[in-house]
Q: 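Take a look at this one; I'll ask things after.
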Amino acid sequence: QVHLVESGGDLVQPGGSLRLSCAASGSIGSLYAVDWYRQAPGKARELVARITKNEAIIYTDSAKGRFTIFRSNANNTVYLQMDKLKPEDTAVYYCNGKSCYDCDYGRWGQGTQVTVSS
(Lines give C-alpha, C1' and ligand atoms only; values in the text may rest on other atoms or scores of the structure.)
Protein backbone atom coordinates (compact mmCIF):
# COMPACT_ATOMS: atom_id res chain seq x y z
CA GLN A 1 0.00 0.00 0.00
CA VAL A 2 1.36 3.41 -1.01
CA HIS A 3 0.96 6.06 1.68
CA LEU A 4 1.26 9.77 1.01
CA VAL A 5 2.37 12.53 3.37
CA GLU A 6 2.09 16.23 2.59
CA SER A 7 4.49 18.91 3.80
CA GLY A 8 5.84 22.35 2.98
CA GLY A 9 3.10 24.68 4.18
CA ASP A 10 4.15 28.06 5.53
CA LEU A 11 3.19 31.68 6.07
CA VAL A 12 3.84 33.70 2.89
CA GLN A 13 3.03 37.19 1.65
CA PRO A 14 0.55 37.86 -1.16
CA GLY A 15 2.31 37.45 -4.49
CA GLY A 16 4.81 35.04 -2.99
CA SER A 17 5.55 31.43 -3.82
CA LEU A 18 5.53 28.11 -2.03
CA ARG A 19 6.21 24.52 -3.02
CA LEU A 20 4.30 21.72 -1.33
CA SER A 21 5.52 18.12 -1.35
CA CYS A 22 3.55 14.88 -1.37
CA ALA A 23 5.97 12.09 -0.51
CA ALA A 24 5.09 8.43 -1.10
CA SER A 25 6.19 5.42 0.90
CA GLY A 26 6.28 3.40 -2.33
CA SER A 27 6.24 3.97 -6.06
CA ILE A 28 4.21 7.10 -6.63
CA GLY A 29 4.31 6.46 -10.36
CA SER A 30 2.21 3.33 -9.87
CA LEU A 31 -0.80 5.35 -8.71
CA TYR A 32 -3.54 6.18 -11.19
CA ALA A 33 -3.78 9.70 -9.79
CA VAL A 34 -2.34 11.92 -7.10
CA ASP A 35 -4.54 14.81 -6.07
CA TRP A 36 -4.08 18.00 -4.07
CA TYR A 37 -7.05 19.19 -2.05
CA ARG A 38 -7.49 22.15 0.24
CA GLN A 39 -9.95 23.16 2.92
CA ALA A 40 -10.36 26.74 4.04
CA PRO A 41 -12.05 27.68 7.33
CA GLY A 42 -15.80 27.25 7.05
CA LYS A 43 -15.59 25.74 3.57
CA ALA A 44 -15.75 22.25 2.13
CA ARG A 45 -12.67 20.41 0.94
CA GLU A 46 -12.05 21.11 -2.74
CA LEU A 47 -9.86 19.57 -5.41
CA VAL A 48 -7.02 21.89 -6.41
CA ALA A 49 -5.00 19.82 -8.88
CA ARG A 50 -4.61 16.28 -10.16
CA ILE A 51 -1.86 14.46 -12.00
CA THR A 52 -2.48 10.99 -13.43
CA LYS A 53 -0.14 8.13 -14.22
CA ASN A 54 -0.04 9.22 -17.87
CA GLU A 55 0.49 12.86 -16.78
CA ALA A 56 -2.96 14.17 -17.58
CA ILE A 57 -3.37 17.27 -15.40
CA ILE A 58 -6.40 19.06 -14.00
CA TYR A 59 -6.52 22.37 -12.13
CA THR A 60 -9.37 24.13 -10.45
CA ASP A 61 -10.13 27.46 -12.14
CA SER A 62 -8.66 29.55 -9.34
CA ALA A 63 -5.33 27.71 -9.64
CA LYS A 64 -4.90 27.88 -13.41
CA GLY A 65 -1.94 29.99 -14.46
CA ARG A 66 -0.58 30.17 -10.91
CA PHE A 67 -0.15 26.59 -9.68
CA THR A 68 1.82 23.75 -11.25
CA ILE A 69 1.58 20.09 -10.29
CA PHE A 70 4.42 17.79 -11.26
CA ARG A 71 5.88 14.42 -10.30
CA SER A 72 9.33 13.07 -9.66
CA ASN A 73 9.34 9.30 -10.01
CA ALA A 74 12.95 9.20 -8.83
CA ASN A 75 11.99 10.95 -5.59
CA ASN A 76 8.56 9.29 -5.29
CA THR A 77 7.13 12.74 -4.74
CA VAL A 78 4.43 14.89 -6.31
CA TYR A 79 4.87 18.63 -5.91
CA LEU A 80 2.50 21.55 -6.03
CA GLN A 81 4.31 24.73 -7.02
CA MET A 82 2.22 27.73 -6.01
CA ASP A 83 3.07 31.16 -7.40
CA LYS A 84 1.37 34.55 -7.18
CA LEU A 85 -0.34 33.47 -4.00
CA LYS A 86 -3.47 35.24 -2.83
CA PRO A 87 -5.09 35.47 0.60
CA GLU A 88 -7.94 33.30 -0.66
CA ASP A 89 -5.42 30.47 -1.14
CA THR A 90 -5.18 30.22 2.64
CA ALA A 91 -6.21 26.70 3.63
CA VAL A 92 -5.05 23.37 4.92
CA TYR A 93 -3.68 21.46 1.93
CA TYR A 94 -3.87 17.67 1.59
CA CYS A 95 -2.63 15.16 -0.92
CA ASN A 96 -4.15 11.78 -1.57
CA GLY A 97 -4.00 9.12 -4.26
CA LYS A 98 -5.90 6.46 -6.12
CA SER A 99 -4.57 3.18 -7.48
CA CYS A 100 -7.22 3.10 -10.23
CA TYR A 101 -9.93 5.31 -11.71
CA ASP A 102 -12.74 3.93 -9.51
CA CYS A 103 -10.61 3.16 -6.46
CA ASP A 104 -11.08 4.80 -3.09
CA TYR A 105 -8.71 7.38 -1.73
CA GLY A 106 -6.37 6.39 1.03
CA ARG A 107 -6.67 7.74 4.54
CA TRP A 108 -6.54 11.50 4.83
CA GLY A 109 -3.55 12.89 6.69
CA GLN A 110 -3.31 15.94 8.91
CA GLY A 111 -2.60 18.28 6.01
CA THR A 112 -0.19 21.19 5.82
CA GLN A 113 -1.19 24.78 6.58
CA VAL A 114 -0.73 27.47 3.94
CA THR A 115 -1.37 31.02 5.12
CA VAL A 116 -1.13 33.94 2.69
CA SER A 117 -1.09 37.23 4.55
CA SER A 118 0.84 40.48 4.76
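Computed from a predicted structure; not experimentally measured.
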Q: Evaluate the side-chain contact (heavy atoms from CB on, under 4.5 Å) criterion for residues Ser99 and Val2: first the C-alpha distance (whole Å), next the side-chain angles of each, then the deciding distance (0.1 Å), finally the verdict.
A: CA-CA 9 Å; Ser99 59; Val2 176; over 6 Å; no
Q: Given the rule that I, L, V, M, F, W and Y join up when any side-chain heavy atoms are under 4.5 Å apart, are Ile58 and Val78 in one cluster?
A: no
Q: Got a sec, which residues hit ring pair (Phe, Tyr, Trp, His ring centres under 6.0 Å) with Tyr79, two or more places apart in sequence or on another chain?
A: Phe70
Q: Do Val114 and Asp10 make a side-chain contact, defined as non-hydrogen atoms from C-beta onward lying under 4.5 Å apart?
A: no
Q: Are the side chain of Thr52 and the backbone N or O of Ala56 linked by a donor-acceptor pair below 3.5 Å?
A: yes
Q: For Phe67, which of Leu85, Thr60, Leu20 qualifies under side chain to side chain contact (heavy atoms under 4.5 Å, CB included)?
A: Leu85
Q: Under the side-chain contact (heavy atoms from CB on, under 4.5 Å) criterion, do Arg71 and Glu55 qualify, and how do the steps go?
A: CA-CA 9 Å; Arg71 180 180 63 231; Glu55 297 192 346; 3.3 Å; yes
Q: Taking the side chain from Lys53 and the backbone from Ser30, do they hold a donor-acceptor pair closer than 3.5 Å?
A: yes
Q: If you group Ile, Leu, Val, Met, Phe, Trp and Tyr by side-chain heavy-atom gaps below 4.5 Å, do Leu31 and Tyr94 land in one group?
A: no
Q: Please round to the nearest 0.5 Å and tell me the distance separating atom SG of Cys22 and atom CG of Asn96.
A: 8.0 Å
Q: If you define the side chain from C-beta out and look only at heavy atoms, does anything of Arg50 sit under 4.5 Å from Lys98?
A: yes
Q: Can any side-chain N or O of Thr112 pair as donor or acceptor with the backbone N or O of Gly9 at less than 3.5 Å?
A: yes
Q: Taking it one step at a time, do Glu46 and Arg38 satisfy side-chain contact (heavy atoms from CB on, under 4.5 Å)?
A: CA-CA 6 Å; Glu46 67 167 341; Arg38 67 186 178 191; 2.8 Å; yes
Q: For Glu6 versus Gly109, what's the shortest heavy-atom pair and its separation?
A: OE2-CA, 3.9 Å
Q: Could you state whether Ile57 and Val48 fall into the same hydrophobic cluster, counting links through intermediate Ile, Leu, Val, Met, Phe, Trp or Tyr residues with side-chain heavy atoms under 4.5 angstrom apart?
A: yes
Q: Just checking, any donor-acceptor pair under 3.5 angstrom between side chains of Tyr105 and Asp35?
A: yes
Q: Check for me whether the distance between the ring centres of Tyr32 and Tyr101 falls short of 6.0 Å.
A: yes
Q: Short question: side chain of Asn75, backbone of Thr77 - any donor-acceptor pair under 3.5 Å?
A: no
Q: Write down the atom of Ser27, the atom of Asn76, and the distance for their closest heavy-atom approach.
A: CA-OD1, 3.4 Å
Q: Give a yes or no on this: more than 12 heavy atoms of other residues, nucleotides or ligands lie within 6.0 Å of atom CD of Gln110.
A: no
Q: Mind checking whether Trp108 and Tyr37 have ring centres under 6.0 Å apart?
A: yes
Q: Could you tell me whether Lys86 and Asp89 have a side-chain N and a carboxylate O separated by less than 4.0 Å?
A: no
Q: Find out whether Ser17 and Val12 are in side-chain contact, i.e. whether some heavy atom of one side chain is under 4.5 Å from a heavy atom of the other.
A: no
